[in-house]
Chemist: 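I have a structure I would like to understand better, so I am pasting it below and will then ask my questions one at a time.
Because only heavy atoms are used, hydrogens play no part in the values below, and waters and symmetry mates are left out as well, while side chains stay in. Counting starts at 1 for both ligands and their atoms, in listed order. These numbers come from a predicted model, not from an experiment.
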Amino acid sequence: MSTIQEVLSKKVPEWRYQAKELVENHGNKVISEVTLAQAYGGARGVKALVCDTSSVSADTGLIIRGRPLLDIINILPEEVFYLLLTGELPDSKALEDFQAEMNEHTEVPEYVWDVLRAMPADSHPMTMFDTAILAMQRDSVFRRKYDEGIQKRHFWSAILEDAIRLVAKLPAIGAGVYRIRFDKGPIIPGDNTLDWGANFAHMLGLEDLDGSLKTLMRLYLMQHCDHEGGNASAYTSIVISSTLSDPYYAVSGGLNALAGPLHGLANQECLKFVLEVRDKFGGRPTQADLAEYVWSRLNSGRVIPGYGHAVLRCPDPRFTAFINFSKEHIKGDEVVGIVEDLFDVVPPILKEQGKAKSPWPNVDAASGAVLYHYGLTEFSFYTVLFSISRAMGMVSQMVVNRALAIPITRPKSVTAEWLKDFVGT
Ligand code: CMX
């Protein structure tokens, strides 16, 4: 049994006991109410899920297993994956074992490359990435064991096997999508002496003279890993997984939700917006010109990409981490400069306009600009990067949910007629 399987074998009974106690002793306590407006409004704010891997508070942002993001900002993506799965950070031996276990599964099956090369040349990188994951569904350990009759109490362990096998391959698949889709030459084999984030930077094949692209990829892949249970992509994947579809189906499906412009695709939209500003003004505009531009965009009924959030009511700590990174590693870049100016200009304008509940930047306001600096200029690829990381949170949530035997998701819907009857109109 691998180290991570052993660690979880000890934890799962504790998690089960805690959930059983809560439900048995407090199962009838009301934790949330649903208004008619919430039923029409994307169920915003309705507490109807349990997610222990992370939480998002309005004034702190992402908290991973009880640790605010900025407190653990320098850990490796593998460490955060271990943390998401187990609730604790690995010591150096556990990290080494975990990395070794992931390294056993980095090899991408040849048929995946055949599938990707057969796709139309103008396919969106997200379509290619999600298709590659789906194509590997035939290799699911959970599916095989389920067909063989595995007992329900062991589901989580088979899901964990799939989780590690799948996540281990994602950097290679992501880098492969980049090189195939944008004609960058042959696929670059991985170097398993490197850590997960550095290996991804290596496989992309971009110039990295001072090694800071590797640092950026560690940061990028670490901090996009999870954002509690109710965000559109995590929720989608959790719903799929609740049907006992395996993690290949569930991650691929969840990432299709991440591909929407209001969600993960926003990083692509956001950089497009920043480049539009640069092109319109022939460089970095004055803050007064920028303010006028932001107002004209708002007045034409368009959103300011990278600003606002469904839950956060403070600058996203992931945005702060990117800005801190760029201050340390990137000097005099006009695109990054525009991102910094937008941070000064946009919040007061959104406050004055008074529509957005949060005037603050979310992660996507800065992520594209730093990637662009390193020559990763194909912005339709950015959501793939996000996906490689977010898959860690999705599969971790699946492991926990199967450990707790959470049943198939099935909230109740009502019709407009039912609502009218209910309110008596
Ligand atoms: N610019 C202009 N208007 C905005 C806005 C922004 N950045 N953010 C919100 N608003 C508007 C909404 O469009 C909405 O207007 P209507 O009432 O006319 O429909 C109003 O403010 C209230 O919206 P909200 O409750 O504050 O925001 P939501 O929870 O509905 O939506 C989000 C959240 C992120 C989709 C929204 O802020 C937005 O569209 N932002 C721009 C896109 C973006 O940056 N997305 C990335 C999100 C991060 C992620 O999930 O990956």
Chemist: To the nearest 0.1 Å, how far is atom 26 (O) of ligand 1 from its closest protein heavy atom, and which atom is that?
Modeler: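 Minimum-distance protein heavy atom for atom 26 (O) of ligand 1 reads Lys357 N, 2.7 Å.
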Chemist: Does Glu107 CD have over 12 foreign heavy atoms under 6.0 Å away?
Modeler: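 Counting neighbours around CD of Glu107, 12 or fewer heavy atoms of other residues, nucleotides or ligands fall under 6.0 Å, so no.
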Chemist: Short list, please: which atoms of ligand 1 are under 4.0 Å from a heavy atom of Gly306?
Modeler: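 Listed by number with element: 43 (C), 44 (O).
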Chemist: Any idea which protein heavy atom is nearest atom 3 (N) of ligand 1, and the distance to it?
Modeler: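 Of every protein heavy atom, Val303 CG1, 3.9 Å lies nearest to atom 3 (N) of ligand 1.
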Chemist: Measure the acute angle between the ring planes of His309 and His227, then classify it against the limits of 30° and 60° as parallel, tilted or perpendicular.
Modeler: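 Perpendicular.
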Chemist: Looking at Lys355, which atoms of ligand 1 are within less than 4.0 Å of one of its heavy atoms?
Modeler: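 In order of numbering, the contacting atoms are 15 (O), 16 (P), 18 (O), 20 (C), 21 (O), 22 (C).
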Chemist: Report the nearest protein non-hydrogen atom to atom 48 (C) of ligand 1: residue, atom name, distance rounded to 0.1 Å.
Modeler: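 Protein heavy atom at minimum distance: Asp364 OD2, 3.6 Å.
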Chemist: Please report the C-alpha distance between Tyr178 and Phe182 in whole Å, then the side-chain angles of each, then the deciding distance to 0.1 Å, and finally whether the ring pair (Phe, Tyr, Trp, His ring centres under 6.0 Å) criterion is met.
Modeler: CA-CA 6 Å; Tyr178 179 66; Phe182 299 106; 5.8 Å; yes
Chemist: Please state which protein non-hydrogen atom is closest to atom 5 (C) of ligand 1 and give its distance, to 0.1 Å?
Modeler: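 Result: Ala356 CB, 3.9 Å.
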Chemist: How about atom 14 (C) of ligand 1: does it have a protein heavy atom within less than 4.0 Å?
Modeler: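 It does not: no protein heavy atom is found less than 4.0 Å away from atom 14 (C) of ligand 1.
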Chemist: Report the nearest protein non-hydrogen atom to atom 40 (N) of ligand 1: residue, atom name, distance rounded to 0.1 Å.
Modeler: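 For atom 40 (N) of ligand 1, the nearest protein heavy atom comes out as Tyr307 O, 2.9 Å.
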Chemist: I need the atoms of ligand 1 closer than 4.0 Å to a non-hydrogen atom of Arg44, numbered in the order shown.
Modeler: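 Those qualifying, in numeric order: 28 (P), 29 (O), 30 (O).
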Chemist: I need the nearest protein heavy-atom contact for atom 50 (O) of ligand 1: residue, atom name and distance, please.
Modeler: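 For atom 50 (O) of ligand 1, the nearest protein heavy atom is His263 ND1, 3.1 Å.
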Chemist: Using a 4.0 Å cutoff against the non-hydrogen atoms of Ala266, which atoms of ligand 1 qualify?
Modeler: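 Answer for ligand 1: 43 (C), 45 (N), 46 (C).
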Chemist: Going by atom types alone, do His329 and Thr215 pair a side-chain donor with an acceptor below 3.5 Å?
Modeler: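 Their side chains do not contain a donor-acceptor pair, so the 3.5 Å distance test is not met.
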Chemist: Provide the number and element of each atom of ligand 1 under 4.0 Å from a heavy atom of Ala310.
Modeler: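 So the answer, numbered in order with elements, is 29 (O), 33 (C).
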Chemist: Give me the ring orientation class for Phe98 and Phe81: parallel if the planes are under 30° apart, tilted from 30 to 60°, perpendicular past 60°.
Modeler: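 Tilted: the ring planes of Phe98 and Phe81 meet at 30° to 60°.
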Chemist: Give the ring-plane orientation class for Trp360 versus Phe343, where under 30° counts as parallel, over 60° as perpendicular and anything between as tilted.
Modeler: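 Trp360 vs Phe343 ring planes: perpendicular.
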Chemist: Consider only side-chain N and O atoms of Ser140 and Tyr146, and report whether a donor and an acceptor are under 3.5 Å apart.
Modeler: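 Per modelled atom types, Ser140 and Tyr146 side chains form no pair under 3.5 Å.
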Chemist: Please report which non-hydrogen protein atom sits nearest to atom 1 (N) of ligand 1, along with the residue it belongs to and the distance in Å to one decimal place.
Modeler: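 Scanning the protein heavy atoms, the shortest distance from atom 1 (N) of ligand 1 goes to Ile304 N, 2.9 Å.
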Chemist: Ignoring hydrogens and geometry beyond distance, is a side-chain donor-acceptor pair present between Asp246 and Gln137 at under 3.5 Å?
Modeler: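 Yes - a donor-acceptor pair under 3.5 Å links their side chains.
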Chemist: Counting neighbours of OH on Tyr249 that are heavy atoms of other residues, nucleotides or ligands and sit closer than 6.0 Å, is the number greater than 12?
Modeler: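 Counting neighbours around OH of Tyr249, 12 or fewer heavy atoms of other residues, nucleotides or ligands fall under 6.0 Å, so no.
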